Amino acid sequence: MSCSRFTAPARSVPIPIPAPPAPFTISPMLRQSIEQRLQQAVARRLPDADLTSVLVRPCPDPKFGDYQSNALMGLAKQRRLNPRQLATEIAADLQLDDLCEPTEIAGPGFLNFRLKPAALAAMLSVAARGEHLFFRPATEPYTVVVDFSSPNVAKPMHVGHIRSTILGDCLARTLRLLGHRVITDNHIGDWGTQFGMLLVGWKTLLDEAALDRDPIAELERIYRAVNARCSEDKPEFDPATLEQARAELVKLQGGDEENTGIWRRMIALSQQQFDTIYGRLGVRFDHTFGESFYNDRLAEAVTELESRGIVRESEGALLAFFDDVPPLKNQPAIVRKRDGAANYTTTDLATLQYRLATWNPDEIIYVTDGRQQLHFQQVFEIFRRWHPDAPVRLSHVWFGSILGENNQPLKTRSGENIKLADLLDEAEERALRVVAEKNPELPESEQREIARMVGLGAVKYADLLPNRQSDYVFSWDKMLALNGNTAPYLLYAATRIRSIFRKLAESGETFDLAAAGADLTLAEPAELALAKQLQNFDFVLHAVAEEHRPNYLCNYLYELAGQFTGFYEACPVLRAEGTVRATRLVLCELTFRVLAQGLEVLGLEVPERM
RNA sequence: GCGUCGGUAGCUCAAUUGGAUAGAGCACCUGACUUCGGAUCAGGUGGUUGGGGGUUCGAGUCCCUCCCGGCGUACCA
């Protein structure tokens, strides 16, 4: 029952930005400290061992401990050593007294580590001083280009764009948080044969009033009308229109002033639509270099490929063959069509070349659906032959389809693509119904603001939660559910913490996190479990960045919220006293900050209450 | 045909270098409250990880094979 006296406006809670870490001689993260010392111990015993495989990770089951390493079994096998004996020797040499209980050796050679409460408390104190938020920035920041969203000019953005947009934005946010240099580039579809038809439509069918009202709808209308006349299998087919479209396209490609002007206007109108959607989603790009940006670089790229013998002529076109790459055998890529025109392989190669020359990135991430796997394999392979020494990592981060309840790709009842704007509207409307029901005492404007955060958050979270490579079934009821692994559940957990501090402030008490964190005592199992879960934020963020899988973070935050509610049930906060109370308040605040920071990385906003 | 991704509880999905007894939510059953906001929590039922074979101390994960499904496969992007 929420009390209507509390009229704090709904707003996004500012995310505390942790101060950059001081130069450490040893990692501030407990897991990493254990890992480093284990690696040192392994190096003393086996000087030639590959230490990159000596890893310490969270235990799958707390009964074994908090962290474990199974690396010694692999090392022993390679060297034909007795794994348990090797584990015993290395454990005896490990200096972990300040962090852990004595190391346990289990099974065929697992090392199990159990953190000392005092070490956990010390970490919480440092976090309470604002020196870290349970993660460390990358030790070697790199430059990464993230290419995502890529909608088409003159068409409405639809559900097909949502996964790329949300995944790409989340990866960019994660990488930025970890201190990498991130460049986001929206490779919009602003060039291609469709502009011939659009130009014909613009010149012969355009309704200026309709264009003023809804530019994209009008562009879509004229495109469809002309496209029908240009399709041989349609009743409206008209060879003269087809010829006209070809002629307009040639004029555009030749730099004709009138056509270029219309084309620019179509792009500007589309950009307004993109900006509206991205504004709602909180997505931003550093660059929007569309396909047309590379027009004057295509010929040179093809020439270079030709002179290096990477492509050769076949049936009038220029192709790259990959007979020595088994999966690409019999899958040549066209780089110049028979009519001399470039295609998307050409554009992507020129784009790659430009990005390399301009930003010298260490990684380029392409976020597209899985149907483009073959295309990117070909592009990457050609590029490797073209620039065999370029140290750039090329990552095709692909994802599956969004399906409707019928297990078919999600469409409207009439079989149309669902417009993204309509989808976002519906998300907010559905969330508003729930918010209004649960919080009838709140003013409508605040209900709407909460509904906006919950509704859009639910859509984003539903998209980021599943393994990106599997298809997923779109379900309003599931994503807006108040229980289970959903955005509303996580946001609710965060608002419960806010509620504690509202209550505290209401009683006139002030809370100084750093001061409260100076003297902590962790005793209850729920307190320890929560503190340990906070520790793992670092591990998860780096896994997300490395493997391009935001679902790891979703699952982590859901577990954190679960640990928090367990703690919340078992450990009274405001009713406690002295150091116990201070400790619990610190746990609440730090949990909130990690939740809020994690949700922010996922692109979700946290309301003050809901 | 070839390539590729997938098949995990009734349903929707997880599972971190191969690692310990395959975990959640929903649904179903049983409990807990005059609540630091019950939009909650605790417990229970539920599995031959599509079938078969192999490698390994250890396989949902790697290899082989078969079955089923999605997607791709020379001038769309």
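The sequence lines fix the lettering, A, B, ..., with proteins before strands; numbering per chain opens at 1. Reckoned from all heavy atoms, side chains included, excluding hydrogens, waters and symmetry mates. Bear in mind that the values here come from a model prediction, so they are computed numbers and not experimental data.
Every residue meeting the ring-ring contact (aromatic ring centres under 6.0 Å, His included) condition with A:Phe148, not counting sequence neighbours, appears here in chain and number order: A:Phe285. Applying the side chain to side chain donor-acceptor pair (under 3.5 Å) test to A:Arg79 and every residue at least two apart in sequence or in another chain returns A:Asp48. The ring-ring contact (aromatic ring centres under 6.0 Å, His included) check on A:Tyr366 picks up A:Phe376, A:Phe380, with sequence neighbours excluded.
If you check every strand for non-hydrogen atoms under 4.0 Å, A:Asn330 touches nothing. Using a 4.0 Å heavy-atom distance criterion, A:Asn551 is classed as a sugar-phosphate-only contact. Backbone-only engagement by A:Ser470 is indicated by non-hydrogen atom pairs under 4.0 Å involving sugar-phosphate atoms exclusively. Looking at heavy-atom distances under 4.0 Å, A:Phe539 makes contact with a base. Nucleic acid contact class of A:Asp50 (heavy atoms, under 4.0 Å, all strands): none.
Rounded to whole Å, atom P of B:rA77 lies 11 Å from atom CE of A:Met197. Rounded to an integer number of Å, the gap from CZ of A:Arg496 to P of B:rC41 is 7 Å.
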Every protein N/O within reach of nucleotides 56-64 of chain B N/O, cut-off under 3.5 Å:
residue	atom	partner	partner atom	Å
B:rU56	O2'	A:Lys77	NZ	3.0
B:rG58	O6	A:Lys77	NZ	3.4

Distances for protein N/O vs nucleotides 69-72 of chain B N/O pairs under 3.5 angstrom?
none

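The side-chain ring of A:Phe64 is stacked on the base of B:rA20, judged by centre separation under 5.5 angstrom and plane angle under 30 degrees.
Using a 4.0 Å cut-off between a side-chain N of Lys or Arg and a carboxylate O of Asp or Glu, A:Arg452 and A:Glu605 qualify as a salt bridge.
RNA chain B is contacted by both A:Pro572 and A:Tyr472; A:Tyr472 maps to the nucleotide lying nearer its 5′ end (nearest heavy atom per residue).
Annotation: proximity of residues 559-570 of chain A to RNA chain B (heavy atom, distance under 4.0 Å) is found for A:Thr565, A:Tyr568, A:Glu569, numbered in ascending order.
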